[in-house]
Amino acid sequence: DGSDRLSEWLAYHYTAASLRHLIVAEDPHSTTSALPLLERWNRTTEMEILLWKDAHYMSKGEKLKKKVHQISTRNLKFGNKTEGEMSMVRQEEFMSSCLLAHQKNERKWTMLLAIDEYLVFNKPDTDGKERQYEKVQHLRTHREAVLERVDTLRNDLPAVGRESIAAYAERHKFELPWIVEPCMPLP
């Protein structure tokens, strides 16, 4: 359920991404509660962490049934089709409500990550070449100027610990790629 990784995840993103506002979706199937750890972070840092249960963001009744029915489950690898459908609806509902809450609070930027995902700089590999992802290869034919700038930026990324990812993005917010694409999917 990821609870064992939460402390490390919080510490990393608090430092690397200057994370100060976090909304956590409680896994209804979790055997442990993240609440004591989140409360400790709220008390001992300048972070504001909210723990949302399904009741905070999930649709109810017929609206929920309609959303579950709309999910295509062909590619789900869950043992139970209903469990897979509910998981997908839960994720979609949470992300939508989370983004609206951060927008309402006028956050400068927002990221949606799972407990096993970390925001990191995509530095060049040991040969000085960009690590290639299928999505980046596809975009290359459509956004050459943006991608050329991204390649340049990756070669000039600060050393770990010298500057946070948040500070770096803030410093470059009026440049490519952010000026034309402020919401970027990260492969």
Side-chain angles (χ1 to χ4, degrees), residues 1-61 63-64 67-68 78 80 82-123 153-154 156-175 177-178 181-187:
D1 67 14
S3 296
D4 55 331
R5 290 186 286 233
L6 185 57
S7 183
E8 176 190 340
W9 190 97
L10 286 167
Y12 173 82
H13 287 96
Y14 178 81
T15 304
S18 298
L19 180 65
R20 296 300 181 264
H21 306 281
L22 176 67
I23 302 174
V24 176
E26 182 177 71
D27 181 351
H29 304 295
S30 179
T31 56
T32 59
S33 174
L35 188 59
L37 176 64
L38 300 178
E39 286 176 336
R40 185 171 70 226
W41 274 84
N42 274 336
R43 279 192 319 272
T44 59
T45 68
E46 62 269 20
M47 284 185 71
E48 172 199 23
I49 306 175
L50 304 174
L51 180 63
W52 283 0
K53 297 181 181 296
D54 280 3
H56 189 95
Y57 59 89
M58 285 291 287
S59 297
K60 312 256 186 305
K63 187 175 180 183
L64 177 60
K67 286 186 176 203
V68 170
F78 291 90
N80 177 331
T82 304
E83 179 184 332
E85 292 168 335
M86 284 303 296
S87 177
M88 292 177 78
V89 169
R90 181 176 290 111
Q91 184 178 24
E92 182 181 298
E93 294 274 297
F94 172 74
M95 289 190 309
S96 178
S97 294
C98 181
L99 288 172
L100 287 170
H102 284 300
Q103 180 185 34
K104 180 181 173 186
N105 287 302
E106 299 179 355
R107 305 284 184 244
K108 289 183 179 178
W109 61 280
T110 305
M111 59 184 173
L112 300 167
L113 299 174
I115 193 69
D116 61 345
E117 298 171 337
Y118 288 75
L119 179 65
V120 296
F121 286 125
N122 186 16
K123 288 192 170 252
L153 288 172
R154 284 191 175 129
D156 297 329
L157 291 173
V160 174
R162 197 177 95 220
E163 183 176 26
S164 74
I165 295 169
Y168 181 83
E170 179 69 20
R171 189 164 49 90
H172 292 282
K173 70 182 177 185
F174 295 115
E175 302 171 13
W178 296 285
E181 199 169 340
C183 183
M184 296 183 65
L186 302 173

*Asks:* Nearest 0.5 Å, what's the CD-CG distance between E48 and N42?
*Replies:* 7.5 Å
*Asks:* Identify the heavy atoms of M47 and L19 that sit nearest to each other, and give their distance.
*Replies:*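 Closest approach of M47 to L19: CG-O, 3.6 Å.
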*Asks:* Compare every heavy atom of W9 with every heavy atom of A114, then report the nearest pair and how far apart it is.
*Replies:*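 That would be O-NE1, 3.3 Å.
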*Asks:* Which pair of non-hydrogen atoms, one from R40 and one from T44, has the smallest distance, and what is that distance?
*Replies:*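 Residues R40 and T44, closest heavy atoms: O-OG1, 2.8 Å.
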*Asks:* Parallel under 30°, tilted from 30 to 60°, perpendicular over 60°: which one fits the rings of W41 and Y14?
*Replies:* perpendicular
*Asks:* Provide the closest heavy-atom pair for K60 versus A55 in the form atom of the first, atom of the second, distance.
*Replies:*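 The pair with the smallest heavy-atom distance is NZ-O, 3.5 Å.
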*Asks:* Look only at the side chain of T15 and the backbone of A11, and say whether a donor-acceptor pair between them is shorter than 3.5 Å.
*Replies:*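 Yes, the answer is positive, given that a donor and an acceptor are paired below the 3.5 Å cut-off.
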*Asks:* Counting C-beta onward and ignoring hydrogens, is there a side-chain heavy-atom pair between V89 and M58 closer than 4.5 Å?
*Replies:* yes
*Asks:* Is the side chain of Y12 donor-acceptor paired with the backbone N or O of L119 at a distance under 3.5 Å, no angle test?
*Replies:* yes
*Asks:* For atom CD of Q91, decide whether the heavy atoms of other residues, nucleotides or ligands shown that lie under 6.0 angstrom number more than 12.
*Replies:*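 It does not: Q91 CD has 12 such atoms or fewer within range.
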*Asks:* Go through it in stages, so that I can follow the logic: the residues are L51 and E39, the test is side chain to side chain contact (heavy atoms under 4.5 Å, CB included), and I'd like the CA-CA distance, side-chain angles, deciding distance and then a yes or no.
*Replies:* CA-CA 9 Å; L51 180 63; E39 286 176 336; over 6 Å; no
*Asks:* Can you list the steps and then say if H13 with L113 is a side chain to side chain contact (heavy atoms under 4.5 Å, CB included)?
*Replies:* CA-CA 10 Å; H13 287 96; L113 299 174; 3.5 Å; yes
*Asks:* To the closest 0.5 Å, what do you measure between CD1 (I49) and CZ (R20)?
*Replies:*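 If I round to the nearest 0.5 Å, the distance is 10.5 Å.
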*Asks:* To the nearest 0.5 angstrom, please state how far the OH atom of Y118 sits from the CE atom of M111.
*Replies:*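 Between atom OH of Y118 and atom CE of M111 there are 11.5 Å.
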*Asks:* Working to the nearest 0.5 angstrom, can you tell me the gap between S97 OG and K104 NZ?
*Replies:*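 That separation rounds to 11.5 Å.
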*Asks:* How about NZ on K53, more than 12 heavy atoms from neighbouring residues, nucleotides or ligands closer than 6.0 Å, or not?
*Replies:*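 At most 12 heavy atoms, drawn from other residues, nucleotides or ligands, come within 6.0 Å of this atom.
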*Asks:* Minimum heavy-atom separation for C98 to L112, with atom names?
*Replies:*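 Heavy atoms only, the tightest pair is SG-CD2, 4.3 Å.
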*Asks:* Any Lys/Arg nitrogen of D54 or R90 sitting under 4.0 Å from an Asp/Glu carboxylate oxygen of the other?
*Replies:* yes
*Asks:* Parallel, tilted or perpendicular: which describes the rings of H56 and W52, with under 30° parallel and over 60° perpendicular?
*Replies:* parallel
*Asks:* Within this structure, what is the CD-CG distance for the pair E26 and L50, rounded to the nearest 0.5 Å?
*Replies:* 13.0 Å
*Asks:* More than 12 heavy atoms of other residues, nucleotides or ligands under 6.0 Å from CD of Q103: yes or no?
*Replies:*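 No.
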*Asks:* Are L6 and L38 close enough, and set up right, to give a side chain to side chain contact (heavy atoms under 4.5 Å, CB included), and what steps lead you there?
*Replies:* CA-CA 9 Å; L6 185 57; L38 300 178; 3.8 Å; yes
*Asks:* Is there a side-chain contact between T45 and L10 (heavy atoms, below 4.5 Å)?
*Replies:* no
